[in-house]
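Here's the structure we're looking at; comments come further down.
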2 protein chains.
Amino acid sequence: MVTTDRLSATFAALADPTRRAILARLAKGEASVKELSAPFAMTGPAISKHLRVLEHAGLISRGRAAQWRPCRLEAGPLQEVAAFTEEYRRFWDDSYARLDAYLQMIQDGTAEATAAGEPTEGPLDARDG
Amino acid sequence: MVTTDRLSATFAALADPTRRAILARLAKGEASVKELSAPFAMTGPAISKHLRVLEHAGLISRGRAAQWRPCRLEAGPLQEVAAFTEEYRRFWDDSYARLDAYLQMIQDGTAEATAAGEPTEGPLDARDG
DNA sequence: ATGCTACCTAACCAACTGGTTACCTAACCT
DNA sequence: AGGTTAGGTAACCAGTTGGTTAGGTAGCAT
């Protein structure tokens, strides 16, 4: 894609096991390119391309120290991904499902409650689907 | 990719604004293919391909009612994505950052506490970086 | 029977991806 | 100065993706 939004770039970057493994490694701390490429049966340029994809998505940033170019995890895009999935949490989370049923009941005007179970607790402001 | 793991397929499916828009529409309830294609300046086959990608990733399932093939959201893969991002939550969540500092302090043996602030609350079992 | 609607597959195309080899720069170490 | 190490770019290749047009199938309506 010639012009890709940030979220699409993030998802595309995460859609590769090698790149996810690199992120998992960086979650433990900074690492050089050599260090990052060690676990993979892959040439340097291939890793270099993966890092460029990750950097373009904003998932990593690169420093400079002598002949090394240490990579650092940047979690901003991951936070956006988390926010994205939160929009759908009610589709798998039981407590949200109960909350949905409760709110539906309220909306139907039949607010005699406890018919479908009361919501235990829930961040109401997270629901804007 | 010829053999793609489920998480990769999910991320790849989500890396397209059209497909995310389709999911957003399905979050409001089942819809026919025609209905789903309405908002897009795109031919039918293009939508059909998008739906196939989403179905292959397990993000939707398709029923059959007369000449319609209603699509339904399946949130399982989204839950996996949420679980993935949770592994990195400590990189952007302040309370997790404080928890990290606290645990680091404990591990260093200098458990005199309150030096870097006490953790407010935190699901410890979610941390297995 | 005929036509319309909903949806799909097939074949094609341009652009992108993920990998390679070959080659280059920059920094360190004798 | 010369060699080694870390890392990058360029050119290329096969396979995938996202779109198209053309044409086919299944179900409903007249």
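Model, not experiment: these values are computed from the prediction. In what follows, chains are A, B, ... by sequence order, proteins preceding strands, each numbered from 1.
Residues passing the side-chain hydrogen bond (donor to acceptor under 3.5 Å, both in side chains) test with A/Glu30, sequence neighbours excluded: A/Arg72. Under the salt bridge (charged side-chain N to carboxylate O under 4.0 Å, His left out) criterion, B/Arg20 pairs with A/Asp5, sequence neighbours left out.
In plain terms, the two heavy atoms of B/Ala57 and B/Ala13 that are nearest each other are CB-CB, 3.9 Å. Counting all heavy atoms, side chain and backbone alike, B/Trp92 lies closest to B/Thr85 at CH2-O, 3.7 Å. The two residues A/Gly63 and A/Arg69 have their closest heavy-atom pair at O-CG, 3.1 Å.
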Which parts of nucleotides 20-26 of chain C does protein reach within less than 4.0 Å, heavy atoms only, written one letter per nucleotide 5' to 3' as B for base, S for sugar-phosphate only and - for none? BBB----
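Taking 4.0 angstrom as the limit, A/Arg52 places none of its side-chain polar atoms (N or O) nearer than this to OP1 or OP2 of D/dG8.
The CG-P distance, from B/Leu36 to C/dC7, rounds to 9 Å in whole Å. We find that CD of A/Glu35 is positioned 15 Å from C1' of D/dT5, with the value rounded to whole Å. Note: CG (A/Asp16) to P (D/dT17) measures 12 Å, nearest angstrom. As rounded to whole Å, 18 Å separates atom C1' of D/dT17 from atom CZ of A/Phe11. Regarding B/Leu14, its CG atom lies at a distance of 14 Å from the P atom of D/dT17, rounded to whole Å. Rounded to whole Å, atom C1' of D/dT20 lies 18 Å from atom CZ of B/Phe40. Between the CD1 atom of A/Ile47 and the C1' atom of C/dT17 there is a distance of 15 Å, given to the nearest Å.
Between A/Phe11 and B/Phe11, the two ring planes are tilted [angle within 30° to 60°].
Residue B/Ser32 is classed as a sugar-phosphate contact, given heavy-atom separations below 4.0 Å to backbone atoms only.
Two residues, B/Arg62 and A/Thr18, neighbour DNA chain C, and the one matched to the more 5' nucleotide by heavy-atom proximity is B/Arg62. Between B/Ser48 and A/His50, the residue whose closest nucleotide on DNA chain C is further toward the 5' end is B/Ser48. For the pair B/Val53 and A/Val33, nearest-nucleotide mapping onto DNA chain D gives the more 5' position to A/Val33.
Across A/Ile22, A/Thr10, A/Leu14, a single residue satisfies side-chain contact (heavy atoms from CB on, under 4.5 Å) together with A/Leu54, and that is A/Ile22.
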